[in-house]
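Below: one structure, written as structure tokens.
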Amino acid sequence: MNTGHASHWGRRSVLFAAGINVLAIGTALFACCGLGVSALVAVPEVLSLLLPVTLGQMTTVFFIILVIIELCLLRSFRWRVIAQMGVALVFGWIIDFYGLTIGFDRLPVKLLWQQLLVTILAVIFTSLGVFMMVRADLVLNPPDGAVHVIAQKVGMAFGTTKFLFDLLMIVVAIALSLLFLRHIAAIGLGTALAVLLVGELISVWEKLFGPRRPASEAS
């Protein structure tokens with residue numbers, strides 16, 4: 001491997017690592033603001049309230065399940081899909097690092113203006129993290145990987161499939177919380193703002209920092 005190629009991979013790896021950290025910060029901020037989390041972790045958030053596990057741990061388990069579903073749909077092993085399991089492990093750990101170790105979960109976010117401010121920050125960090133990870137063009141996070149495979153299988157546009165997938169995650173989270181908690185948990189104004197604004201902000205980052213390079217599946 002020549003020096004230029006190694007440097008290129010190095011820059012992409014750094015961008016990816018930074019992106020997964022930024023996305024985890026956004027996720028931890030959503031969890032502490034009290035106005036609902038993004039669809040990305042809506043189901044893990046509800047399950048973490050039902051089971052003696054952290055949000056990060058439940059996110060890892062849920063993401064690994066999504067990777068297994070991808071492999072079943074593809075009926076083949078692809079390194080970028082297998083690598084998503086590593087993303088699941090690292091992402092879950094980083095969520096708990098920011099939420100529990102750094103202490104985002106203990107932030108005094110009680111007043112509505114504070115909750116809204118933290119929610120907006122969560123939206124910004126989430127959109128920027130997704131943009132950075134996709135721009136790095138290394139590995140998709142498991143939810144986007146699952147959407148990518150499903151879109152290929154059903155012949156539907158990625159954007160449409162992504163919207164329907166996120167909607168399904170929100171519906172499942174609501175159903176689980178009503179069934180076991182008797183009230184709606186993890187879903188709220190913050191969830192709605194994430195649905196409305198994250199995609200728009202990703203478009204802003206693309207215009208500011210150049211066209212997005214979609215990750216491609218390697219056979």
Side-chain angles (χ1 to χ4, degrees), residues 15-16 19-20 22-27 29-31 36-47 58-60 62-74 78 80-81 83-85 87-88 91-92 95 119 122-176 186-207 209-218:
L15 182 61
F16 184 86
I20 198 171
V22 172
L23 180 58
I25 290 173
T27 301
L29 287 173
F30 269 121
V37 300
S38 67
L40 182 75
V41 294
V43 173
E45 171 73 1
V46 173
L47 292 176
M58 196 67 247
T59 298
T60 292
F62 184 68
F63 280 15
I64 288 176
I65 292 172
L66 291 179
V67 176
I68 293 172
I69 292 173
E70 285 183 67
L71 293 172
C72 291
L73 290 174
L74 291 169
R78 304 183 184 183
R80 282 195 173 182
V81 176
Q84 289 174 26
M85 290 193 177
V87 173
F91 186 60
I95 289 174
T119 298
V123 168
I124 293 172
F125 276 96
T126 297
S127 63
L128 186 57
V130 171
F131 167 76
M132 293 168 72
M133 291 176 68
V134 174
R135 185 71 184 273
D137 194 22
L138 290 178
V139 184
L140 292 172
N141 67 56
D144 285 344
V147 170
H148 178 74
V149 172
I150 293 170
Q152 283 186 328
K153 291 296 181 179
V154 302
M156 189 181 295
F158 179 88
T160 302
T161 309
K162 172 67 173 173
F163 174 79
L164 294 175
F165 181 86
D166 287 351
L167 182 61
L168 175 63
M169 294 299 100
I170 293 172
V171 170
V172 171
I174 291 174
L176 287 173
I187 305 300
L189 178 59
T191 310
L193 289 175
V195 171
L196 293 172
L197 299 178
V198 168
E200 295 299 320
L201 279 176
I202 290 174
S203 297
V204 171
W205 307 134
E206 290 171 355
K207 292 177 181 177
F209 301 109
R212 183 178 71 176
R213 292 175 13 175
S216 56
E217 287 288 317

* Asked: Does A88 offer a backbone N or O that forms a donor-acceptor pair with the side chain of T60 under 3.5 Å?
  -> yes
* To do: Indicate yes or no for a side-chain donor-acceptor contact from T161 to the backbone of A157 under 3.5 Å, with no hydrogens or angles considered.
  =>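 Between the backbone of A157 and the side chain of T161 there is a qualifying donor-acceptor contact (under 3.5 Å).
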First locate atom [atom1] of [X], then atom [atom2] of [Y], and finally report the distance between them rounded to the nearest 0.5 Å.
X    : Y    : atom1 : atom2 : answer
L164 : M169 : CG    : CE    : 11.0 Å
I170 : S38  : CD1   : OG    : 9.0 Å
L138 : R80  : CG    : CZ    : 7.0 Å
I68  : L73  : CD1   : CG    : 12.0 Å
F63  : L66  : CZ    : CG    : 7.0 Å
I174 : T191 : CD1   : OG1   : 8.0 Å

Quick one: does [X]'s side chain get under 4.5 Å of [Y]'s, heavy atoms only?
X    : Y    : value
L29  : F125 : yes
I64  : P142 : no
T126 : F131 : no
F209 : R135 : yes
E200 : L196 : no
L128 : L201 : no
F91  : N141 : no

Minimal non-hydrogen separation, [X] against [Y], with atom names:
X   : Y    : value
V22 : G129 : CG1-N, 3.6 Å
F30 : A194 : CZ-CB, 3.7 Å
F16 : V87  : CZ-CG2, 3.8 Å

* To do: Please state whether the rings of H148 and F158 are parallel, tilted or perpendicular, taking 30° and 60° as the class boundaries.
  =>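 Geometry flag for F158 against H148: tilted rings.
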* For A186, which residues count as a side-chain contact (heavy atoms from CB on, under 4.5 Å) partner, sequence neighbours excluded? -> V37, E45, V46
* Determine, step by step, whether L23 and L40 satisfy the side-chain contact (heavy atoms from CB on, under 4.5 Å) criterion, reporting the C-alpha distance in whole Å, the side-chain angles of both residues, the deciding distance to 0.1 Å, and the verdict. => CA-CA 10 Å; L23 180 58; L40 182 75; 4.2 Å; yes
